[in-house]
Amino acid sequence: MNRFSITLALAACSAFCCAATEPSVTPIPMRVEMSAEDAGFTIDSLTRVYIDAPDRDAALLEEQLAAAGMGHALRVCDSVDAPRINFRLKPVVDGISSHEGYRLSVSGDRIDAEALSPAGLYYALQTILDLKESGGTIPAMSITDQPRLPYRGMMLDVSRHFRDKEFVKKQMDAMARLKLNRLHLHLTDAAGWRIEIKKYPKLTELAAWRPQKTWKEWTDNGARYCNEGDTAACGGYFTQDDIRELLDYAAKRHITIIPEIEMPSHSEEVLAAYPELSCSHGEHGSSDFCVGNEATFEFVEGVLDEVMELFPSQVIHIGGDEASKQAWKTCELCQKRMADEGLMDVDELQSYMIHRVEKYLNAHGRDLLGWDEIMEGGLAPNAAVMSWRGTEGGLRAARDGHRVIMTPGGYCYLDSYQDAPWSQPEAFGGYLPIEKVYSFDPVPDSLPEDAKPLIIGLQGNLWCEYIPTAEHAEYMLWPRMIAIAEAAWSPQQRRDWDGFKGRAMAVSDRMRKAGYTPFDMRNEVGNRKEALVEADHLARGCKVTYLLPDSGLPAWHNGYPASKEATLTDGKRGGWNYNDMLWQGYMNTGTRERLDVVIDLGRVCDLSSISADFMQICIPDVWMPEQVTISVSDDNKKFKTLADIHHTVTTDTGVSFKNFGWKGSARGRYIRYRAMAKQGFLFTDEIVVE
């Protein structure tokens, strides 16, 4: 975490800053500290600008001032002209250690902005624009500002549904005003290859096109590809000239574009175009490259050569996630590779590929970046990790000396529902309201001090399987990316949800006026009503004995323990999705049995109701029970069945909840609740006894 002295300080601001409060400025990301005097600076037709910066950066500052309606202030003045706005690069700026930091001083007749680099001056300009939007007169103040994290990112998945370059530029405009500085483009995946590679033309002649417009229609119809010229062809790709245009646009806004080229998996589109690179050498269906085939590395290196020629980013993202590795276990070439290299298992075979690709990138002056699966089998020595499967992988990588960008799915995956699922367009699943996004601290206090600087970034990810239109994409990005921006820039101790919420609403309002389509926070439904208050009932706090499984292993799935043995009687009810860790998950392979527990009430009680809620979300394989049996006993030996509920489980595409319970009149001390399922996961949160 950056530590710097501040006289009067302000954290970075957005172009869409909100209405003034105390002291007339409430920007995003949040200020560190600020006070203001009564006097201030008014930007009007008399204002002049002096810019001491390289010509390219001076021209960009002038362009941004003009775009903000301040064109009258563009005349370059000499040092005696006043009132004026001065931008100066300096070798040393008091209180600033980051090249993106700046100092800003406002008095009655001038504004002085100082920075170590053009990026710092650019961010000072964003603050000036915000201050101007807060009112006609900018209060007199002194600001010292710099980011908490050097990497402040947003990922756009342009594979599942292609977005044109104008859409990407529009999002970069919003990013720049929020001081986000990394755009991660997910350019390749099964649904489409989205970048021209001249050495391998089939990638854009075939693998960039499909006969169905949406990802869902495409997968439902066998996930086939078609030729670019087919009448039904849907898709697209960026030409290399398009990429150069985007890179130039990004550079002017001090944004680095990071390309992601998936390997060894998520590569169905490549293997459809070049089937000789798969283990099966088939025409369709393979997802993993054949790591035993030297032609695979020839292909990968050929693609990376063109990618590196286009993109100046220091890191190149190679994916590395969710490889099935199954074909490698029987592929003769992969098995030979493992024998020749002394590899113990397929995890080490994946690590072999990651290491080899990293060496190739290093030889060309670049570094490898990948999802946290690249740690399996041993992490390549200079690789950086994007931690998406929770935070533990990233924290472990930082402790081991690797650079880490935090992007855990529970806080940063913006394809999740941002409000009650019934009120929203169909999403991949999950429930991620902006408040939860904002709550995430990417650099926890529990991390050793020497490892904290290795948490270099925070990123929000928009996966687009269920996001077919540009308007829908913006709806999912904003305002949750506003929360990411503040969490990545502002000091943790200065962040406050209640204050941020109003500012984020105002930012969204201004974005809407500028032609964006953000989610409307004012009409937010909020969390499931059952999750808002704790349930008080006869079984609360009572002991729960799990009868499954016989092996002695935990009855719940390791990934969804909730509060373990206390879960089903702790009074806490779950929200719209199991990712809130209030729902306990069960999955027993090869059997219908999922949940079988006995609750000891401690004494014989009169009973009128016993029930539990379950959820169904088909996409991640979460289902309702097909049978629930509820019984009661005085001695925990002989049980009387109160209800035997049979349920026909149907497939649907939404998120649904159902209560399975008994009502009547009975007495007993021990309650047995048993639930069975035909497939997948079962989730429940509380067994309520009345």
Side-chain angles (χ1 to χ4, degrees), residues 156-171 185-247 249 257 259-263 265-278 280-289 295-296 298-311 317-319 462-470 472-473:
L156 275 178
D157 169 18
V158 296
S159 170
R160 276 57 177 263
H161 289 98
F162 181 62
R163 305 279 178 245
D164 63 26
K165 61 186 178 183
E166 297 308 317
F167 175 86
V168 177
K169 289 179 182 178
K170 185 181 179 185
Q171 306 322 306
L185 285 181
H186 185 72
L187 291 164
T188 74
D189 211 299
W193 183 280
R194 306 303 183 192
I195 179 173
E196 177 187 20
I197 302 296
K198 295 183 182 298
K199 186 174 182 180
Y200 299 103
K202 288 183 182 179
L203 293 173
T204 46
E205 292 172 353
L206 174 69
W209 305 94
R210 61 195 188 211
Q212 292 83 26
K213 186 175 182 179
T214 70
W215 177 89
K216 188 174 180 180
E217 293 170 325
W218 176 69
T219 55
D220 287 347
N221 285 276
R224 301 283 176 171
Y225 306 92
C226 64
N227 291 313
E228 181 174 3
D230 289 358
T231 56
C234 300
Y237 60 91
F238 296 118
T239 67
Q240 294 196 359
D241 284 341
D242 290 336
I243 294 294
R244 293 185 185 97
E245 184 178 336
L246 287 173
L247 288 165
Y249 197 87
I257 299 181
E260 180 178 356
I261 308 297
E262 282 273 14
M263 62 186 81
S265 195
H266 287 279
S267 301
E268 290 92 335
E269 84 288 16
V270 176
L271 302 179
Y274 298 96
E276 64 273 17
L277 302 180
S278 72
S280 65
H281 305 290
E283 294 185 359
H284 184 69
S286 297
S287 62
D288 297 350
F289 281 108
T296 291
E298 179 184 344
F299 170 85
V300 167
E301 291 170 3
V303 169
L304 290 176
D305 285 343
E306 295 192 34
V307 169
M308 288 187 287
E309 185 178 354
L310 286 168
F311 291 89
H317 204 303
I318 56 85
L462 186 65
W463 302 102
C464 290
E465 289 96 329
Y466 287 83
I467 304 176
T469 69
H472 190 180

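None of the values given here were measured: they were computed from a predicted structure.
Between Glu245 and Lys165 a salt bridge is recorded (basic side-chain N to carboxylate O distance below 4.0 Å).
Side chain of Arg244 to backbone of Leu310: no donor-acceptor contact under 3.5 angstrom is found. Of the possible polar contacts, none joining the Glu262 side chain to the Asp189 backbone as a donor-acceptor pair under 3.5 Å is found. Distance alone, capped at 3.5 Å, places no donor-acceptor pair between the Arg210 side chain and the Trp218 backbone. Checking side-chain atoms of Ser265 against main-chain N and O of Asp288 turns up no donor-acceptor pair under 3.5 Å. Distance alone, capped at 3.5 Å, is enough to place a donor-acceptor pair between the Arg194 side chain and the Gly236 backbone. Side chain of Glu306 to backbone of Lys199: a donor-acceptor contact under 3.5 angstrom is found. Judged by distance alone, with hydrogens and angles left aside, the side-chain atoms of Gln240 form a donor-acceptor pair with the main-chain N or O of Glu196 at under 3.5 Å. Remark: the backbone N or O of Thr239 is paired with a side-chain donor or acceptor of Asp242 at under 3.5 angstrom.
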Residues Val270, Tyr200; criterion side-chain contact (heavy atoms from CB on, under 4.5 Å); working and verdict
CA-CA 10 Å; Val270 176; Tyr200 299 103; over 6 Å; no
Given the rule in the side-chain contact (heavy atoms from CB on, under 4.5 Å) test, do Val307 and Ile197 qualify, once you have shown the distances and angles that lead to the verdict?
CA-CA 8 Å; Val307 169; Ile197 302 296; 4.3 Å; yes
Could you go step by step and tell me if Phe238 and Val158 meet the side-chain contact (heavy atoms from CB on, under 4.5 Å) rule?
CA-CA 10 Å; Phe238 296 118; Val158 296; 4.2 Å; yes
Walk me through whether Tyr249 and Ile257 qualify under side-chain contact (heavy atoms from CB on, under 4.5 Å).
CA-CA 10 Å; Tyr249 197 87; Ile257 299 181; over 6 Å; no
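Heavy-atom neighbours of Lys202 NZ from other residues, nucleotides or ligands within 6.0 Å: at or below the threshold of 12. Within a 6.0 Å sphere centred on CD of Glu166, heavy atoms belonging to other residues, nucleotides or ligands number more than 12. Atom NZ of Lys169 is surrounded by more than 12 heavy atoms from other residues, nucleotides or ligands within 6.0 Å.
Closest of all the heavy-atom pairs between Tyr225 and Pro211 is C-CD, 4.3 Å. When all heavy atoms are compared, the tightest approach of Ala191 to Arg160 is CB-CA, 3.6 Å. Closest heavy-atom contact between Pro259 and Leu187: CB-CD1, 3.9 Å. Closest approach of Gly192 and Glu269 over heavy atoms only: C-CG, 4.2 Å.
Between Trp209 and Tyr237, the ring planes lie perpendicular to each other; the angle is over 60°, past the 30° to 60° tilted range.
Using a 4.5 Å heavy-atom cutoff, the side chains of Asn227 and Glu205 are not in contact.
Taking the six-membered ring wherever Trp is involved, the centroid distance between the rings of Phe162 and Trp193 does not fall below 6.0 Å. If you look at Tyr466 and Trp215, their ring centroids are closer than 6.0 Å.
Exactly one of Leu156, Ile261, Asp157 qualifies for a side chain to side chain contact (heavy atoms under 4.5 Å, CB included) with His186. That residue is Asp157.
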